[in-house]
Number of protein chains: 2
Amino acid sequence: MNEPTFLILTALAGESQHGYAVIEDVERITGGRVRLRAGTLYAALDRLRGEGLIEVDREEVVQSRLRRYYRLTAAGEQSLATETDRLREQATIAERRLRARRADFGGATA
Amino acid sequence: MNEPTFLILTALAGESQHGYAVIEDVERITGGRVRLRAGTLYAALDRLRGEGLIEVDREEVVQSRLRRYYRLTAAGEQSLATETDRLREQATIAERRLRARRADFGGATA
DNA sequence: AAGCATATACCGACGGTCGGCATATTCAAG
DNA sequence: CTTGAATATGCCGACCGTCGGTATATGCTT
């Protein structure tokens, strides 16, 4: 799973949100690092809907603008949970190796 | 940074390895989930070398087969460390939301 | 002799993201 | 009162990185 996809699922894990709100939420989550392009977002939303990981929650019209709200499906929740575990495991392994590495070289050893 | 790239850097964070050994190491790291394609690996190695994240450590000939060993540069180590932190943060946020979600719906609340 | 593991490397295809644009409304700044 | 930014969805071509296959070569196993 690519990062933008993961971030979109994470955004929707909170509560149902419409597309543009997802863009903002992802920006918040990543501390401003990732601002999804509209093209990326809506394409991913369509794809994820096709894969059954998200679904349309409801549609609203606010100030004559359409808002389509999406929510995570059970499959999407499961998928996000699995991916989260993977991320954690990989981070742990990388960290362990980086630490061992610094112990070897970086260490101002004696 | 994409997952294969991250895994390659992680593999090289351990010790200098030649291409094929990286493929095997990544397979080990991911519990068999990811077996990098040769095309992916060597293309990524070239790219990472171009970006200055890895460099050629040495070359050996074992059983008349060339082995080109790569190692992480300081920039590569830094890059991997940063990416690892990101992964951790994102995993933490996703986990928090998933937990909150289960508390709301899953929870057999009373 | 065939097949698998080792080892590097190229190639076309493909998927997903990027960046830009179109559309439409509301609000603030000039 | 017009320009620009923010909100909101969506399409499109370009691009990057990976996939899958192939080529090349050697050595071991069956």
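Every chain is numbered from 1, with letters handed out A, B, ... down the list of sequences. Treat the numbers as computed from the prediction; the structure is a model and nothing was measured.
Taking atom CG on B/Asp46 and atom P on D/dT18, their separation rounds to 12 Å, with Å as the unit. Rounded to an integer number of Å, the gap from CG of A/Asp25 to P of D/dT7 is 13 Å. Across the protein-nucleic acid pair, A/Ile23 atom CD1 and D/dA8 atom P stand 10 Å apart, rounded to whole Å. Rounded to whole angstrom, the span from the NE2 atom of B/His18 across to the P atom of C/dT8 amounts to 6 Å. Rounded to a whole Å, the CG atom of A/Leu7 is 10 Å from the P atom of C/dC18. Rounded to an integer number of Å, the gap from B/Leu41 CG to C/dT8 C1' is 10 Å. Atoms CD (A/Glu27) and P (D/dA6) sit 10 Å apart, rounded to a whole Å. When the C1' atom of D/dC12 is taken as reference, atom OH of A/Tyr42 falls 16 Å away, rounded to whole Å.
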**Study point:** Stepwise side-chain contact (heavy atoms from CB on, under 4.5 Å) check, A/Phe6 with A/Thr84
**Key:** CA-CA 9 Å; A/Phe6 177 80; A/Thr84 301; 3.7 Å; yes
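Of the two residues contacting DNA chain C, namely A/Leu36 and A/Ser64, the nearest-nucleotide position lying further toward the 5' end is that of A/Leu36. Taking for each of A/Leu66 and A/Gly39 the nucleotide of DNA chain D with the nearest heavy atom, the 5'-most of the two is the partner of A/Leu66. Both A/Ala38 and A/Arg65 sit near DNA chain D, but only A/Arg65 has its closest nucleotide nearer the 5' end.
The cluster map of Ile, Leu, Val, Met, Phe, Trp and Tyr, joined by side-chain heavy atoms under 4.5 Å apart, puts B/Ile23 and B/Val34 in the same cluster.
No engagement by B/Ala21 is indicated, since no non-hydrogen atom pair under 4.0 Å with the nucleic acid exists. Contact annotation for A/Glu24: backbone-only contact, meaning every heavy-atom pair under 4.0 Å involves sugar-phosphate atoms and none involves a base. Among the protein residues, B/Glu59 comes within range of no part of the nucleic acid, since none of its heavy atoms lies under 4.0 Å from any strand.
Closest to the side chain of A/Thr40, out of C/dC18, C/dG16, C/dA5, is C/dC18. Nearest to the side-chain atoms of B/Asn2 among the listed nucleotides D/dC19, D/dG17, C/dC10 stands D/dG17.
OP1 and OP2 of C/dT17 both lie 4.0 Å or more from every side-chain N or O belonging to A/Arg37. Checking the phosphate oxygens (OP1, OP2) of D/dC16, no side-chain nitrogen or oxygen of B/Thr5 falls inside 4.0 Å.
Salt bridge annotation for B/Arg86-B/Glu83: present, with a cationic side-chain nitrogen under 4.0 angstrom from a carboxylate oxygen. At a threshold of 4.0 Å, the pair B/Glu3-B/Arg33 counts as salt-bridged, since one of the basic side-chain nitrogens sits closer than that to a carboxylate oxygen.
Expressed to the nearest 0.5 Å, how far OH of A/Tyr70 lies from CG of A/Leu53 amounts to 13.5 Å.
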